[in-house]
Participant: 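Attaching a single structure in structure tokens format; questions to follow.
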Amino acid sequence: MQPLNLRQIEVFRAVMITGSINGAAQLLLVSQPAVSRMLSHTEARIGFKLFERIKGRLYPSPEARSLFNDVESVYRDVQRVNSTLHNLVQQRQGVLRIASSPSLGHQLVPDAIGAFRQCNENILVSLECLRHMLLRDRLLDQHADLGISLFPIDHPNILAVPLSYIRVMVICPADHPVTKLDAKDLPQALAKMPFIGYSADTPFHSFMMKALERVGLPYRPSIDVDSPHHACALVKNGTGFSVVDEVSFRSSGGERMAVLPIMTEERLTVSLVHLRQEPLAQFAQAFVEHLRCALSTSGFHLFNMD
């Protein structure tokens with residue numbers, strides 16, 4: 001077997017994402033015969049078929065699907081090189097790549113970016129809102145300079161610095177009869193209501209299971225969602241009750257939702273996360289100060305970073 005070059009990787013990726021020779025040719029701005037020749041040459045070079053050709057359509061082999069994951073990683077690295085080159089040509093003073101938990105990335109982090117940009121116009125800022133494990137992987141792959149996470153990231157190569165804590169809220173439709181109940185009567189009443197929970201692969205899932213257990217409520221969701229913003233939307237339209245963080249509640253507007261006096265002691269911690277061996281650049285530290293200011297302005301308790 002001979003190793004693939006970048007052009008062969010590019011052609012393979014184009015066929016994978018478009019599903020055809022014609023689609024790959026259009027994506028790469030080359031002729032269909034050129035793509036076919038390169039694909040045949042690639043298969044001959046590695047010694048096995050990447051695609052099955054059935055009635056004029058291409059179906060990726062199991063080996064091709066496995067290879068595609070690594071190819072996408074290579075492609076992201078190439079994009080990163082091109083992005084760095086572009087910024088050098090544009091004479092940018094720096095690039096700040098931020099990965100954020102979705103709850104924080106809808107409003108809080110953009111507010112901090114807006115304030116940061118007013119003083120740092122020559123810094124290109126990119127923001128990705130990512131689920132927990134993807135956020136961690138972006139940092140480990142050095143595709144993000146820093147992360148703002150709502151849940152702990154436990155990895156020996158990642159440093160987590162607590163910035164603030166935020167409240168957790170049990171919410172229901174504003175006009176629901178449970179809003180008139182005392183706190184002691186809520187667990188029994190809520191147990192009879194549809195509950196909007198979280199997918200098992202989200203950190204909210206394990207957090208909410210334990211939090212509900214502490215107040216005597218079973219974790220029996222009628223609907224699973226992947227973010228508190230979706231939970232808020234469902235509560236607004238009267239579907240059921242849910243548990244969300246305060247930032248998501250605020251950025252969803254808060255209208256047509258009521259906060260119930262239960263689980264009032266639960267907290268989540270907003271943390272700055274970055275590679276342990278990679279100190280933050282000065283402009284990244286400046287952004288963190290703007291983020292702390294945004295948290296403080298919003299009324300959230302700040303931890304001392306000393």
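Every value quoted in this text rests on a predicted model; they were computed, and no experiment measured them.
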Participant: Can any side-chain N or O of Q8 pair as donor or acceptor with the backbone N or O of N5 at less than 3.5 Å?
Facilitator: yes

Participant: Hey, could you give me the CD1/CZ distance between I123 and F287, rounded to the nearest 0.5 Å?
Facilitator: 12.5 Å

Participant: Please list, chain by chain and in numerical order, all residues satisfying salt bridge (charged side-chain N to carboxylate O under 4.0 Å, His left out) with R7, sequence neighbours excluded.
Facilitator: E10

Participant: Specify the closest pair of heavy atoms between P60 and M16, including all atoms of both residues, with the distance to one decimal.
Facilitator: CB-SD, 3.6 Å

Participant: Which heavy atom of G23 sits nearest a heavy atom of S20, and at what distance?
Facilitator: N-OG, 2.8 Å

Participant: To the nearest 0.5 Å, what is the distance between CZ on R117 and CG on L96?
Facilitator: 11.0 Å

Participant: Evaluate the side-chain contact (heavy atoms from CB on, under 4.5 Å) criterion for residues R131 and D226: first the C-alpha distance (whole Å), next the side-chain angles of each, then the deciding distance (0.1 Å), finally the verdict.
Facilitator: CA-CA 9 Å; R131 296 173 76 169; D226 65 354; 4.2 Å; yes

Participant: Please tell me if the side chains of P228 and F204 come closer than 4.5 Å, counting only heavy atoms from C-beta onward.
Facilitator: yes

Participant: Could you list the donor-acceptor pairs under 3.5 angstrom formed by side chains in residues 154-165, with sequence neighbours left out?
Facilitator:
{"from": "H155", "atom 1": "ND1", "to": "N157", "atom 2": "N", "distance (Å)": "3.0"}
{"from": "S164", "atom 1": "OG", "to": "H301", "atom 2": "O", "distance (Å)": "2.6"}

Participant: Which pairs would a plain distance check flag for residues 170-187, meaning a side-chain donor or acceptor within less than 3.5 Å of a matching protein atom at least two apart in sequence or in another chain?
Facilitator:
{"from": "H176", "atom 1": "ND1", "to": "V178", "atom 2": "N", "distance (Å)": "3.2"}
{"from": "T179", "atom 1": "OG1", "to": "H176", "atom 2": "O", "distance (Å)": "2.7"}

Participant: Is E43 salt-bridged to R53, cutoff N-O under 4.0 Å?
Facilitator: yes

Participant: For R214, enumerate each residue passing the side chain to side chain donor-acceptor pair (under 3.5 Å) test, keeping only those at least two apart in sequence or located in another chain.
Facilitator: E266

Participant: For L217, does its backbone N or O pair with a side-chain atom of R220 as donor and acceptor, under 3.5 Å?
Facilitator: no

Participant: Okay, side chain of T202, backbone of Y198: is any donor-acceptor separation there less than 3.5 Å?
Facilitator: no

Participant: Decide whether V270 and L135 are clustered together by the hydrophobic rule: side chain heavy atoms of Ile, Leu, Val, Met, Phe, Trp, Tyr closer than 4.5 Å, transitively.
Facilitator: no

Participant: Kindly give the heavy-atom pair with the smallest separation between P102 and H229, and that separation in Å.
Facilitator: O-CE1, 4.2 Å

Participant: Residues in side chain to side chain donor-acceptor pair (under 3.5 Å) with Q188, at least two apart?
Facilitator: none

Participant: Please examine the side chains of F207 and L268, heavy atoms only from C-beta on, and report whether any two atoms are closer than 4.5 Å.
Facilitator: yes

Participant: Do any side-chain atoms of residues 136-152 form donor-acceptor pairs under 3.5 angstrom with protein atoms, and if so which ones, sequence neighbours left out?
Facilitator:
{"from": "R138", "atom 1": "NE", "to": "E128", "atom 2": "OE1", "distance (Å)": "2.9"}
{"from": "R138", "atom 1": "NH2", "to": "E128", "atom 2": "OE2", "distance (Å)": "3.2"}
{"from": "H143", "atom 1": "NE2", "to": "D77", "atom 2": "OD1", "distance (Å)": "2.8"}
{"from": "D145", "atom 1": "OD1", "to": "R97", "atom 2": "NH2", "distance (Å)": "2.9"}
{"from": "D145", "atom 1": "OD2", "to": "R97", "atom 2": "N", "distance (Å)": "2.7"}
{"from": "D145", "atom 1": "OD2", "to": "R97", "atom 2": "NE", "distance (Å)": "3.2"}
{"from": "S149", "atom 1": "OG", "to": "F151", "atom 2": "N", "distance (Å)": "3.2"}
{"from": "S149", "atom 1": "OG", "to": "F151", "atom 2": "O", "distance (Å)": "2.6"}

Participant: Please state whether the rings of F51 and F12 are parallel, tilted or perpendicular, taking 30° and 60° as the class boundaries.
Facilitator: tilted

Participant: How would you list all residue pairs meeting ring-ring contact (aromatic ring centres under 6.0 Å, His included) that involve residues 208-228, not counting sequence neighbours?
Facilitator: F195-Y219, H205-Y219

Participant: With a 3.5 Å distance limit and no angle check, can you tell me whether T18 reaches the backbone of A24 through a side-chain donor-acceptor pair?
Facilitator: yes

Participant: About how many Å separate NE2 of H106 and SG of C129, when rounded to the nearest 0.5 Å?
Facilitator: 6.0 Å

Participant: Please report, to 0.1 Å, the donor-acceptor pairs under 3.5 Å made by any side chain of residues 231-244, with sequence neighbours excluded.
Facilitator:
{"from": "K236", "atom 1": "NZ", "to": "S252", "atom 2": "O", "distance (Å)": "2.4"}
{"from": "K236", "atom 1": "NZ", "to": "E255", "atom 2": "OE2", "distance (Å)": "3.1"}
{"from": "N237", "atom 1": "OD1", "to": "T239", "atom 2": "N", "distance (Å)": "3.2"}
{"from": "N237", "atom 1": "OD1", "to": "T239", "atom 2": "OG1", "distance (Å)": "2.4"}
{"from": "T239", "atom 1": "OG1", "to": "L234", "atom 2": "O", "distance (Å)": "3.4"}
{"from": "S242", "atom 1": "OG", "to": "I196", "atom 2": "O", "distance (Å)": "2.8"}

Participant: Is there a path of hydrophobic side-chain contacts, each under 4.5 Å between heavy atoms, that joins L67 and M38?
Facilitator: yes

Participant: Could you tell me whether R167 atom CZ has more than 12 heavy atoms of other residues or ligands within 6.0 Å of it?
Facilitator: no

Participant: Distance-only, no hydrogens or angles: does the S199 side chain make a donor-acceptor pair with backbone N or O of D224 under 3.5 Å?
Facilitator: no

Participant: With hydrophobic residues grouped by side-chain heavy-atom distances under 4.5 Å, do L302 and V247 end up in a single group?
Facilitator: yes

Participant: I need the full list of ring-ring contact (aromatic ring centres under 6.0 Å, His included) pairs touching residues 118-142, with sequence neighbours left out, sorted by first then second residue.
Facilitator: none

Participant: If hydrophobic clusters are built from ILVMFWY residues whose side chains come within less than 4.5 Å, do M208 and M133 share one?
Facilitator: no

Participant: Of the non-hydrogen atoms in L212 and P218, which two are nearest, and what is the gap between them?
Facilitator: CD1-O, 4.3 Å

Participant: Donor-acceptor pair, distance only, cut-off 3.5 Å: does the side chain of S296 make one with the backbone of R292?
Facilitator: no

Participant: Between T264 and P261, what is the shortest heavy-atom contact and its length?
Facilitator: CG2-C, 4.0 Å

Participant: By ring pair (Phe, Tyr, Trp, His ring centres under 6.0 Å), which residues pair with H230, not counting sequence neighbours?
Facilitator: none

Participant: Side-chain heavy atoms under 4.5 angstrom apart, residues restricted to Ile, Leu, Val, Met, Phe, Trp, Tyr: same cluster for V273 and F283?
Facilitator: no

Participant: Hey, are the side chains of L27 and I17 touching, using non-hydrogen atoms and a 4.5 Å cut-off?
Facilitator: yes

Participant: Is the count of non-hydrogen atoms from other residues, nucleotides or ligands lying under 6.0 Å from E63 atom CD greater than 12?
Facilitator: yes

Participant: Are more than 12 heavy atoms, taken from residues, nucleotides or ligands other than E213, located less than 6.0 Å from that residue's CD atom?
Facilitator: no

Participant: In Å and rounded to the nearest 0.5 Å, what is the CG to OG distance from L130 to S101?
Facilitator: 9.0 Å

Participant: Given 3.5 Å as the limit, does a donor-acceptor pair link the side chain of S206 with the main chain of P203, or not?
Facilitator: yes

Participant: Listed by chain and number, what are the side chain to side chain donor-acceptor pair (under 3.5 Å) partners of D111, not counting sequence neighbours?
Facilitator: Q107

Participant: Within this structure, what is the CG-CZ distance for the pair L295 and F303, rounded to the nearest 0.5 Å?
Facilitator: 10.5 Å

Participant: Any salt bridge linking R250 with E246? Criterion: basic side-chain nitrogen under 4.0 Å from a carboxylate oxygen.
Facilitator: yes

Participant: As a quick check of understanding, evaluate side-chain contact (heavy atoms from CB on, under 4.5 Å) for L291 and L272, giving each step before the final call.
Facilitator: CA-CA 10 Å; L291 179 62; L272 163 70; over 6 Å; no

Participant: According to side chain to side chain donor-acceptor pair (under 3.5 Å), who are the partners of Q285, at least two apart in sequence or on a separate chain?
Facilitator: none

Participant: Just checking, any donor-acceptor pair under 3.5 angstrom between side chains of S103 and D245?
Facilitator: yes

Participant: Which value, rounded to the nearest 0.5 Å, describes the distance between K49 atom NZ and T42 atom OG1?
Facilitator: 11.5 Å

